[in-house]
Amino acid sequence: MISRPMTCGMELSDQLPKTYEFAKVEERWQNRWRDEDFYFDRNSKKPHFIIDTPPPYPTGNFHVGNALNWCYIDFFARYKRMRGFNVMFPQGWDCHGLPTEVKVEEINNITKNDVSREEFRRMCRELTIKNIGQMRQTLRRMAFSVDWSNEYITMQPEYFKKTQLSFLRMLKSGYIYQSEHPVNFCTRCETAIAFAEVAYDERDTRLNYFDFDSVEIATTRPELLAACVAVAVHPDDTRYQKLKGKTLKVPIFGHLVPVVRDEAVDPAFGSGAVMICTFGDKQDVHWWKQHNLALRKAIDRQGKMTALAQKYEGMTAANCRKAILSDMEEKKILRKQEALGQRVGTCWRCKTPIEILSERQWFIKIKPDEILDAAHQITWYPEHMLRRMENWVEQMEWDWCISRQRIFATPIPVWFCKKCNEMVVPDENDLPVDPTLTKPEQACPKCGGKEFAAEKDVLDTWMDSSISVLYVTGWDGHSSPEIFPAQIRPQGHDIIRTWAFYTILRSVALTGNRPWDQILINGMVLGQDGFKMSKSRGNIIVPEDILCKYGADSLRQWAAMGATTGSDIMFNWNDVVAASRFQTKMWNIARFVLLQLDKEGIEKNVPVTSLADRWLLTRLSNIIGKVTDAMEQYQFDVALKAIREFAWDILADNYIELVKGRLYTKDASRRSACLVLYTAYDAICRMLAPFTPYFAEECYFYINKTSVHKQPWVTFTYDDPQAYVEGDLLVKIVGDVRKYKHDSGLALNAPLGRVTIYAPHTIEDAGDAARTLNADVFWRTDTAKLDRIVTDIEFNRSVVGPAFRKKAPAFMNAIRVLSPQELVNPPKLITLEGTEVLVPDHAFTPKFSYMEGGAKVDVISVGDVIVTIQKTA
RNA sequence: GGGCUCGUGGUCUAGCGGUAUGACGUCGCCCUUACACGGCGGAGGUCGCCGGUUCGAAUCCGGCCGGGCCCA
């Protein structure tokens, strides 16, 4: 059967533009591809593959870091579809949170208190919707095969009602509780934050030494004097033995505090006596709990001094510090000040130093064992990232504080009876609710009261995003969804301690099961200078810039090849340019292949007999296996590298060069080459499809008139060990003779004369070598009648080493003194330190110089093949 | 200070027990009927340093030095 590509009356090769214009191609396919092709089919019988995609924060800009992450997702999503999976690649948007609130305040030049809560929320929603719109465009342009029917937006009722449902469920099961407890608090954002949201900054401060009722105390935070609840010293510190059991009078404020003894006090730091305040830092919290100390709140939620600070009331903490220091100076109790570098916990969003305040907050119980247990059931790529999770879980100290005192977030669905303070929750069927806008339908079940106070606190944003996997799999509060757990979670290593951790916690708490089978961690994208991208460094690269200059496929190739999956990756224009060049090369391969197939069409059942043809098929089969294995392990760099190497080196530079001459003939063997070209080309297109969807589609469509993205993954195999070895030899011989030509100053297509190849057995190359070298080529199996002189010996250490161990050097020395005849035909035994030992096969190869009785014959040796060249006179 | 990671030609990168992979750059030759956005070839590395294990180490072990990330 001969099938000719459909050509609409024109030859295919005429249709193919000389250069590949990515901008036109991308636009065309973007308009032609349909969203429905990527929809997850809930009724399908195919095995499902659910991806718990990260919902990005809708800033309006999809950055390069996101791009890397999404490229990985798209690579395996497309690959899995080709492997017959029913893939769900949802796209979420994690809307709630401070940055949007801040942005809204900035854009409208207001503060959140200037408008009603509802109005403020409306403004936040509006901005978010606009930003999502912008980011969707970039996603589409990057050709991510997103399932838009499974898009979710956490601020929308259908999503946050699940967040609220999960809250009620965990409240019921005892995971969630309220408590007055010290929490990290950002006084600028006026909200509690979790440990995961605390960043640490290096700052310079002063250590102030002052007289504390005749005891010298050193502190960096004199403004907390009003909150002082004890003085602590090391139990063994001889300087302070007499203070045992005493109380001291706090300077300026005058209240009495106990002296406590604690091993954790560092006698070498400051004066060795430290004041404990509620709360200067985490250590204070420890001591406070351990010694059961009083609670004195000197700083409020705005970061201002409370009434407890007496005359300093209303000052900011910073001003209070100045004022107290100057008062101390006046009273002559300030003794000295030292410069001190310290690390300050700050709010990761706004960089304001955090305070530790004791507040009534909502918490989720952290049960390290069940989280670790689930984490160990998940396969981590790369494996070592699991360590980060373990380390984080093992050192958790407080429970997760989930309440926030902000506006744009999921409301906590709770009221309190004004009469008896009983907590009342809505019926699950009434969700979502905003308790500040509605009231419970029933009277208080405890006292019958009808007046309720709404919980004004809202939920931490991670409460929304940590149920992404439950949402997409259709969790309804009753049991594990049928398609839960998901197959994979792709995400960055920067959010292992947050998103991954919280998701595992919530899945276990709500379903008793792990959230996913696998987790794939991607690295961070660094600027071209090797540093994290930042405005101040001016090293930010935006995806749009790359898309405009080199196109989506080049950017995607960079993502695949820039680094081993999981490691940080430096952005590098070179790699993008190299990727674009590969497309150019591949495009020319396409043009060549189509030009050849045009001539006589493709004959799909022609026997493939020529050595070069069989050789290419073995190499193709080999590369397919390699690429498939790499894809299964998410080693995109390995996979794409193998594809590129095959297309460029093996197919273009070796195979095509070898069979070109044959293709220009009208021999029957030309049809075999055509079939091989078609097979290889088809396979490359399909293997490239996950990586370069536009390019692969364009190449594939020209020849098959159908979408490559609807084809199955390549599973072609071809086993012919003899062709593999002999083909390699043929390629090597042709390459070496070419090099010889080059070294002799000949053009590569210049006539060469007579080339005789003495190979150990017959090789039938169908005349490929002769045409390629432009020479008369004679294959012979007899021995060349040449004088040869041994010039060197090459040892095969992987044979010599295991065979002789410590005696290897002695063996090699013994071989070196053999006669030339013996080197060519080695003896079976050799004497080594008085004992006879066996000479192993392939232990060494003699290197020869050739002469032929004075005749002008150049000789090249390729392994044990000898090639003589007699140039045209 | 702890954990995790990394240190390979000018730059970036693969390898992770048997004499070092590729890309970019650089130099030379070649416009050979797919491709000069190409082909062919060359130069360039004591694989951070010091020890150890081994017949043999970039590769394993120990120590040191230096980056990065996360956390105290």
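Lettering of chains follows the sequences in order, A, B, ..., and the numbering in each one begins at 1. In this text, all values refer to a predicted model and were calculated from it rather than measured experimentally.
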Participant: Compare side-chain N and O positions of A:Tyr655 against OP1 and OP2 of B:A34 and report whether any pair is under 4.0 Å apart.
Facilitator: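 So the side-chain polar atoms of A:Tyr655 never come under 4.0 Å of the phosphate oxygens OP1 or OP2 of B:A34.
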Participant: Across all strands, who's sitting opposite B:G51 as a Watson-Crick or G-U wobble pair, both distances under 3.5 Å?
Facilitator: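 With both distances under 3.5 Å, B:G51 matches B:C61.
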Participant: I want to verify a distance call: between B:A23, B:G18, B:G3, whose nearest atom is closest to the A:Pro802 side chain?
Facilitator: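 Taking heavy atoms from C-beta onward, the closest nucleotide is B:G18.
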Participant: Any donor-acceptor pair under 3.5 Å linking the side chain of A:Arg662 with the backbone of A:Arg671?
Facilitator: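 Pair absent, no side-chain N/O of A:Arg662 close to backbone of A:Arg671.
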Participant: Taking the six-membered ring for Trp and the full ring for Phe, Tyr or His, determine whether the centres of A:Tyr550 and A:Trp558 are under 6.0 Å apart.
Facilitator: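 When the ring centroids of A:Tyr550 and A:Trp558 are compared, they turn out to be at least 6.0 Å apart.
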Participant: As a test of reading the structure: which of B:C4, B:A34, B:C37 is closest to the side chain of A:His384, going by heavy atoms?
Facilitator: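 Nearest to the side chain of A:His384 among the choices is B:C4.
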Participant: Of A:Gly735 and A:Pro809, whose closest RNA chain B nucleotide lies nearer the 5' terminus?
Facilitator: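 Between the two, 5'-proximity favours A:Gly735.
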Participant: Would you mind telling me which of B:C55, B:A14, B:A34 lies closest to the side-chain atoms of A:Glu657?
Facilitator: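 Closest of the options to the side chain of A:Glu657: B:A34.
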Participant: Please check the phosphate of B:A14 (OP1 and OP2 only) for any side-chain N or O of A:Thr564 closer than 4.0 Å.
Facilitator: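 A:Thr564 to B:A14 OP1/OP2: side-chain N or O found under 4.0 Å.
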Participant: Write down the partner of B:C40 under the Watson-Crick or G-U wobble criteria, each distance required to be under 3.5 Å.
Facilitator: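 Per the H-bond distance test, B:G28.
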Participant: Between B:C35 and B:C40, how far apart are the two P atoms, rounded to whole Å?
Facilitator: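 The answer is 15 Å between these two P atoms.
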Participant: Can you tell me, in whole Å, how much space there is between the C1' of B:U5 and that of B:G42?
Facilitator: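 One C1' to the other, the span is 37 Å.
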Participant: Less than 6.0 angstrom separating the ring centers of A:Tyr20 and A:Phe695, yes or no?
Facilitator: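 Centroid separation for A:Tyr20 and A:Phe695: below 6.0 Å.
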Participant: Tell me which nucleotide among B:C55, B:C37, B:C24 gets nearest to the side chain of A:Thr584.
Facilitator: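 Of all the options, the side chain of A:Thr584 is nearest to B:C37.
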Participant: Given the C1' atoms of B:G62 and B:A57, what is the spacing between them in whole Å?
Facilitator: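 Result for the C1' pair: 15 Å, nearest Å.
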Participant: Flag as yes if A:Phe592 stacks onto the base of B:C35 (centroids under 5.5 Å, planes under 30°), otherwise no.
Facilitator: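 The base of B:C35 is not stacked with A:Phe592 (the test needs centres under 5.5 Å and planes under 30°).
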Participant: Out of B:A23, B:C55, B:G39, which nucleotide sits closest to the side chain of A:Trp648?
Facilitator: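 Closest nucleotide among those given: B:G39.
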Participant: To the side chain of A:Ala652, which of B:G18, B:A14, B:A34 is closest?
Facilitator: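 My answer, after comparing the listed nucleotides, is B:A34.
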Participant: Categorize A:Asp653 for me: base, sugar-phosphate, or nothing, with a 4.0 angstrom heavy-atom threshold over every strand shown.
Facilitator: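 Result for A:Asp653 = sugar-phosphate.
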Participant: Whole Å only: how far is the CG atom of A:Asp284 from the P atom of B:A72?
Facilitator: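 Distance check: A:Asp284 CG to B:A72 P gives 16 Å.
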Participant: Report which part of the nucleic acid A:Ile496 touches: base, sugar-phosphate, or nothing (heavy-atom distance under 4.0 Å, all strands).
Facilitator: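 No contact.
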Participant: How close or far is atom C1' of B:A23 from atom CG of A:Asp649, stated in whole angstroms?
Facilitator: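 These atoms are roughly 12 Å apart.
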Participant: OP1 or OP2 of B:G42 sitting under 4.0 Å from any side-chain N/O of A:Lys739?
Facilitator: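 So the side chain of A:Lys739 is within the cut-off, an N or O lying under 4.0 Å from OP1 or OP2 of B:G42.
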Participant: Counting only Watson-Crick pairs (N1-N3 plus N6-O4 or O6-N4) and G-U wobbles (N1-O2, O6-N3), all under 3.5 Å, who is the partner of B:A23?
Facilitator: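 WC or wobble partner is B:U11.
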Participant: Under the ring pair (Phe, Tyr, Trp, His ring centres under 6.0 Å) rule, what do A:Tyr634 and A:Tyr72 come out as? Steps first, then yes or no, please.
Facilitator: CA-CA 8 Å; A:Tyr634 305 105; A:Tyr72 285 0; 9.3 Å; no
Participant: For A:Ala590, which contact category applies under a 4.0 Å heavy-atom criterion: base, sugar-phosphate, or nothing?
Facilitator: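 A:Ala590: no heavy atom of the nucleic acid under 4.0 Å.
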Participant: Check every strand shown and say whether A:Trp558 touches a base, only sugar-phosphate, or nothing at a heavy-atom separation below 4.0 Å.
Facilitator: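 Nothing, no heavy atom under 4.0 Å.
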Participant: Relative to the ring of A:Phe811, is the ring of A:Phe804 parallel (under 30°), tilted (30 to 60°) or perpendicular (over 60°)?
Facilitator: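 Judged by the thresholds at 30° and 60°, the geometry between A:Phe804 and A:Phe811 is parallel.
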Participant: Should B:G66 form a Watson-Crick or G-U wobble pair with both distances under 3.5 Å, which nucleotide is its partner?
Facilitator: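 Looking at the geometry, B:G66 pairs with B:C6.
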Participant: Assign A:Asn588 to base, sugar-phosphate, or nothing according to its heavy-atom contacts below 4.0 angstrom with the strands shown.
Facilitator: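 Counting heavy atoms under 4.0 Å across all strands, the contact made by A:Asn588 includes a base.
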Participant: Compare the minimum distances between each of B:C12, B:C4, B:C35 and the side chain of A:Asn572, then state the nucleotide with the smallest one.
Facilitator: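 Closest nucleotide among those given: B:C12.
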Participant: Of the nucleotides B:G3, B:C55, B:C37, which one has an atom closest to the side chain of A:Arg387?
Facilitator: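 It is B:G3.
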Participant: Reckon A:Arg581 has a side-chain N or O less than 4.0 Å from the OP1 or OP2 of B:C24?
Facilitator: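 Yes, such a contact exists.
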Participant: Determine the interatomic distance between C1' on B:C69 and the same-named atom on B:G22; round to the nearest Å.
Facilitator: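 It works out to 27 Å between them.
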Participant: How far, in whole Å, is B:C16 from B:A58 if one measures between their P atoms?
Facilitator: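 Approximately 15 Å lies between the P atom of B:A58 and that of B:C16.
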Participant: Hey, is the side chain of A:Trp573 poking within less than 4.0 Å of OP1 or OP2 on B:C12, counting only N and O atoms?
Facilitator: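 A:Trp573 to B:C12 OP1/OP2: no side-chain N or O under 4.0 Å.
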Participant: If each of A:Met385 and A:Lys585 is mapped to the nucleotide of RNA chain B with the nearest heavy atom, which maps nearer the 5' terminus, i.e. the 5' end?
Facilitator: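 Nearer the 5' end of the strand: A:Met385.
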Participant: Give one of base, sugar-phosphate or nothing for A:Arg797, where a contact means two heavy atoms less than 4.0 Å apart.
Facilitator: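 Base: the residue A:Arg797, judged by heavy atoms under 4.0 Å, touches a nucleobase.
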Participant: Give a yes or no answer on whether the side chain of A:Asp545 reaches the backbone of A:Ile541 with a donor-acceptor pair at less than 3.5 Å.
Facilitator: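 No; judged by distance alone, with no hydrogens or angles, the pair does not exist.
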Participant: Between A:Trp648 and A:Phe646, does the ring pair (Phe, Tyr, Trp, His ring centres under 6.0 Å) criterion hold? Intermediate values first, please.
Facilitator: CA-CA 6 Å; A:Trp648 203 317; A:Phe646 176 76; over 10 Å; no
Participant: Pick base, sugar-phosphate or nothing for A:Lys660, based on heavy-atom distances below 4.0 Å to the nucleic acid.
Facilitator: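 Base contact.
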